[in-house]
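Remarks on the structure that follows.
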There are 2 protein chains.
Amino acid sequence: MVSLDEVARTAGVSSATVSRALSGRGHVSPATRDRVLEAAEQLGYVVSSAASSLASGRSRSIGVMTPDLHRWFFNSVLTGISDTLTRAGFDLTLYNVTSDPQLRHEIFRAFLQRRRVDGVIVLALELDDWEAEQLKQLDLPVIVLGGALQDLPSMSVNDQGLIRLAAEHLLSLGHRNIGYIGGDQAFDADYHVPTQRREGFSEALRDFGVEPHVQLSRAADFTIAGGYQVAKQLFGSPAAAMTGLVAASDEMAIGALLAAKDLGVQVPHQVSVVGVDGHELGELFGLTTVDQHPVGQGRTAAEHILGRVEGRGNGDVELPFELVVRSTSAAPSQAVDGSP
Amino acid sequence: MVSLDEVARTAGVSSATVSRALSGRGHVSPATRDRVLEAAEQLGYVVSSAASSLASGRSRSIGVMTPDLHRWFFNSVLTGISDTLTRAGFDLTLYNVTSDPQLRHEIFRAFLQRRRVDGVIVLALELDDWEAEQLKQLDLPVIVLGGALQDLPSMSVNDQGLIRLAAEHLLSLGHRNIGYIGGDQAFDADYHVPTQRREGFSEALRDFGVEPHVQLSRAADFTIAGGYQVAKQLFGSPAAAMTGLVAASDEMAIGALLAAKDLGVQVPHQVSVVGVDGHELGELFGLTTVDQHPVGQGRTAAEHILGRVEGRGNGDVELPFELVVRSTSAAPSQAVDGSP
DNA sequence: ATGGCTTATGCAAGCGCTTCCATGTAGGGT
DNA sequence: ACCCTACATGGAAGCGCTTGCATAAGCCAT
C-alpha cells in the first residue's frame with residue numbers, strides 16, 4: 001500500500017500539499033499539482049478511504065435502502081443510482097430491507113449509525129415512526145424516493161397524475177367500465193405508492209362522470225403472478241361489461257395479459273389493458289403503459305443527494321412520465337356506457 | 001456523536017477495555033463487560049467505522065460486483081448475499097458493473113483499490129486479464145460465483161450437470177428431437193456460463209445416442225424477450241419434428257412458452273419445455289426447470305467470504321440443484337425418434 | 001518603497017478507534 | 001509458601017489522512 005507520504009516524498013512536497021493537490025481543496029500551483037499527480041500515478045497511489053473518512057468526516061459513499069430487489073422497478077432505480085454514483089466517484093452501500101423485522105431493525109439501529117455514508121436514499125419504503133426518527137437523527141442528507149415520508153425530504157413522481165394518465169387514456173378512447181388492479185392495505189403498509197394510485201384512478205373516472213365500480217377493483221401484490229390471479233377473477237366474473245383495465249404496475253398488467261390469454265379474452269378487442277411503470281417486458285407484450293423512467297429516477301435521486309452532500313442546495317424536481325401507447329389498448333368494440 | 005471515550009468514562013474503565021468488551025477480542029471480565037455494554041447502550045454508542053477501519057485494517061464490508069441487476073438470477077443471488085452479510089453485521093458495497101467500459105475500468109482501478117472492503121464477491125462476470133490482475137493485487141479474499149476465473153477462487157454450480165439434468169429429463173421421457181436455446185459468442189464474453197451449458201446439453205444427448213441438431217440450436221441473451229424471439233423461429237420452422245426444448249435460463253424458457261402460446265403450439269402436448277434456474281415466475285407458467293437456488297448460492301458465497309475474512313479456511317462447496325417437474329414437460333405424444 | 005492582499009506551502013494537531021506492551025492480580029501445581 | 005501461568009486492565013503509539021494556522025512569497029496600488 002502506497003501512502004500519501006510516499007507520494008509527497010517522491011514529488012518533493014509536503015503531505016498537506018499532496019492532499020490538496022489530489023482532492024482539489026485549497027490552493028496548489030499548477031506546476032506542483034502536475035508533479036504530485038504524476039508521482040501518484042507512477043506509484044499507483046489510491047487514497048485510503050478509512051483514513052480520509054476519519055480525518056474529513058466524509059466517506060464518499062451513499063447508502064441506499066431498498067425493498068425487494070426482485071421487483072423490476074426497484075432494481076431499475078438502483079441501476080440508475082449506481083450508475084450516477086460510480087461516475088461521481090462515490091460508493092454505494094446497499095441495505096436490502098427485507099420483511100424480517102429483526103434484520104430491518106438492525107439496519108436502522110446499527111448500520112446507519114455507523115456513519116459509513118454521507119447520505120441516504122430510501123426507495124419507496126414506508127417507515128414507521130421509530131425508523132424515520134433514526135433516519136432524522138443521522139443528521140445526514142436523506143431523500144425518500146417514491147412516497148413522501150413524514151417530514152423527510154422526498155422526491156416522488158406524481159403518482160396520482162401517473163395513474164390518471166393511464167385512466168384518461170382509456171376514458172378518452174371511450175371506455176367507461178374500467179377495472180382496476182392496485183395494492184391492498186397490508187401491502188400499503190410497506191410501500192407507499194398504492195393508495196395514491198388508487199385515488200388517482202378514482203378521480204380520473206369521476207372527472208369523466210364515471211363512478212368506479214367497486215366490484216371491478218382488485219388488490220394484488222404488484223407482481224406478475226399477483227396480477228394474473230386477480231385478473232382471472234376479474235375476467236371470469238361477468239360482473240359488468242368491463243372493457244378496460246388499469247393496473248397500478250406493469251407487472252400486474254402483464255399478469256392480466258397472461259390471464260386474458262389463458263381465458264381466451266381478446267386484448268384489446270374485448271378488453272384494453274394499461275399498466276404503469278415502463279417495464280422492460282412491456283414491449284414484448286405490446287403493453288400500453290405510463291413510463292415513469294425508473295432508471296432516470298435513480299439518476300436524479302443520486303444527483304440530488306450528491307448535490308446536498310456537496311453543499312449545493314437542490315430545488316425540487318419534477319419526475320417526468322409519459323404515456324406509451326402500444327397494442328393492448330384500443331377503443332371499445334361497441335359503445336358501452338356505464339351510466340344508465 | 002458519542003465516542004468510545006465517553007463510554008469508557010461512563011463505565012469507569014479505559015478506552016482499551018471498552019474496545020475489547022465491544023469487539024470481543026481479548027480478555028474482559030464478565031462484570032466489566034456488562035458495565036461497558038450497559039454504558040454503550042445507554043449512551044447510544046455506535047462505533048465509527050472509519051476510525052475502526054483505520055486502526056484495525058478491517059472494514060466490515062464486502063464488495064459485490066454484479067452485472068445487470070435486471071436479471072432475476074443476479075438480483076436473487078444479491079438478495080442472498082445481502083441477507084447473510086446483514087446478519088453478520090457486514091455492510092455490502094455494490095459495484096454494478098455495466099457494459100460502459102469506462103465505468104467498468106474505473107471500478108477496477110479506483111474503487112476496489114480504496115480498500116473499503118474486506119473481501120469481494122464477483123458475480124458471473126467474465127473478467128479480462130487486467131481486471132483479474134487488479135483483483136488479485138488487492139490481496140483480499142475474493143470469490144467468483146458462477147464461472148471459474150483464471151486462478152481466482154470460484155464457487156460454481158455444476159453448469160454442465162445442471163443442463164444435463166434438464167436434458168436427461170426430456171430424454172428419459174422419450175424425447176429425441178430436442179431444441180436448445182443458449183447464449184451466443186458475444187454474450188459468452190461477458191458471462192461465463194453459456195458455453196458450459198451448451199456442452200452439457202450436447203453431452204447429455206450423446207450419452208443417449210442422440211446427435212444434437214445444429215438447426216435446433218439458437219442463441220439468445222438469456223432474457224424473456226430474447227427467448228421469445230428465437231423460440232418463434234424454432235417453432236415456426238418445420239426443420240425437424242422438435243418435441244422438446246431446453247433453454248439455458250428460465251427467462252428464455254418463459255419466452256419460449258409465450259412464443260408457443262402465440263403460435264398456437266401446445267405445451268407440453270406438441271413440445272415440452274424445460275428451463276434452468278428456478279425463476280420465481282416458473283410456478284405461474286408451470287415451467288419444468290432445474291432449480292439452482294440462487295438465493296441460497298448468494299448466502300453460501302457470503303458465508304464463504306466471511307469465513308475467509310475471519311481467517312477460517314473454507315473448503316469447497318457443492319452448490320445444490322434439483323429438477324422441478326411441473327406441467328410444461330411430458331412424454332412426446334407419438335413416439336418420435338431422431339435416428340433413422 | 002511600503003503596506004495590504006492573495007496565493008503557495010509546510011507544520012502539526014487531530015479524527016476515533018485498535019492493539020502492543022507493561023503491569024497487576026489471582027489461581028494452581030508441587 | 002512459592003513460582004508460573006493465565007487473565008484483566010491501562011497506557012500510549014499509531015492507522016493515513018485532512019485542515020487550521022503560520023509563514024513566505026509575490027503582486028498591486030499608493
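Chain letters run A, B, ... following the sequence lines, proteins first and then strands; every chain starts at 1.
Donor-acceptor pairing under 3.5 Å is recorded for the side chains of A:Ser59 and A:Asp118. For A:Thr32 and A:Ser29, the side-chain atoms include at least one donor-acceptor pair closer than 3.5 Å. Between the side chains of A:Ser76 and A:Thr79, no donor-acceptor pair is found at a separation under 3.5 Å. Under the 3.5 Å distance criterion, with hydrogens and angles disregarded, no donor-acceptor pair is assigned to the side chains of A:Ser52 and A:Ser49.
Residue A:Ala55 places its side chain closer to C:dG14 than to any other of C:dG14, C:dC11, C:dG16. Side-chain atoms of A:Ser15 lie closest to D:dT18 of the nucleotides D:dG10, D:dT18, C:dC17. Considering only side-chain atoms of B:Ser3, the nucleotide from D:dT18, C:dC17, D:dG10 that sits closest is C:dC17.
Summary of the strand contacts: B:Arg25 and B:Ala50 both lie near DNA chain C, and taking for each the nucleotide with the nearest heavy atom, the more 5' one is attributed to B:Ala50.
Of the side-chain N and O atoms in B:Ser19, one or more sit less than 4.0 angstrom from OP1 or OP2 of C:dT18. The side chain of B:Ser52 places an N or O atom within less than 4.0 Å of a non-bridging phosphate oxygen (OP1 or OP2) of C:dT18.
The C1' atoms of five pairs define one axis at each end of the helix from C:dA1-D:dT30 to C:dT30-D:dA1, and these two axes lie 30° apart (to 10°).
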- Would B:Glu106 and A:Arg87 satisfy salt bridge (charged side-chain N to carboxylate O under 4.0 Å, His left out), going step by step from the backbone distance to the final call? CA-CA 8 Å; B:Glu106 201 51 22; A:Arg87 281 176 210 284; over 6 Å; no

- Checking side-chain contact (heavy atoms from CB on, under 4.5 Å) for the pair A:Val309/A:Phe90: CA distance, chi angles, key distance, verdict? CA-CA 11 Å; A:Val309 164; A:Phe90 273 65; 4.3 Å; yes

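For the pair B:Leu4 CG and D:dG10 C1', the computed distance is 13 Å after rounding to whole Å. B:Arg58 has its CZ atom 14 Å from the P atom of C:dC17, to the nearest Å. Distance A:Asp5 CG to D:dC15 C1': 12 Å, rounded to the nearest Å. The interatomic distance linking A:Leu54 (CG) with D:dG14 (C1') rounds to 12 Å, in whole Å. Residue A:Arg9 contributes atom CZ, which lies 11 Å from atom P of D:dC17 at whole-angstrom precision. Straight-line distance from the OH atom of B:Tyr45 to the P atom of C:dG16: 10 Å, rounded to whole Å. In this entry the distance linking CG of A:Leu22 with C1' of D:dT19 reads 15 Å, nearest Å. Going from atom CZ of B:Arg60 over to atom C1' of C:dC17 covers 14 Å, rounded to whole Å.
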Just the table, please: protein N/O against nucleotides 22-28 of chain C N/O, every pair under 3.5 Å.
none

Shorter than 3.5 Å, N or O on both sides, protein versus nucleotides 5-9 of chain D: list them out with atom names.
unit_1, atom_1, unit_2, atom_2, d
D:dT9, OP1, B:Ser29, OG, 3.3
D:dT9, OP1, B:Thr32, OG1, 2.5
D:dT9, OP2, B:Ser29, N, 2.9
D:dT9, OP2, B:Ser29, OG, 3.3
D:dT9, OP2, B:Thr32, OG1, 3.2

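The one candidate from A:Leu123, A:Asn75, A:Leu125 that meets the side-chain contact (heavy atoms from CB on, under 4.5 Å) condition with A:Thr66 is A:Leu123.
Side chain of A:Thr10 to backbone of A:Glu6: a donor-acceptor contact under 3.5 angstrom is found. In this structure, B:Ser56 contributes its side chain and B:Arg58 its backbone to a donor-acceptor pair below 3.5 Å. Between the B:Gln297 side chain and the B:Leu319 main chain, no donor and acceptor come within less than 3.5 Å of each other.
The minimum heavy-atom distance between A:Leu145 and A:Ala301, with the atom names listed, is CD2-CB, 3.9 Å.
B:Ile107 places a side-chain heavy atom less than 4.5 Å from the side chain of B:Val97.
Using a 4.0 Å heavy-atom criterion, one finds that B:Arg115 contacts no nucleic acid atom at all.
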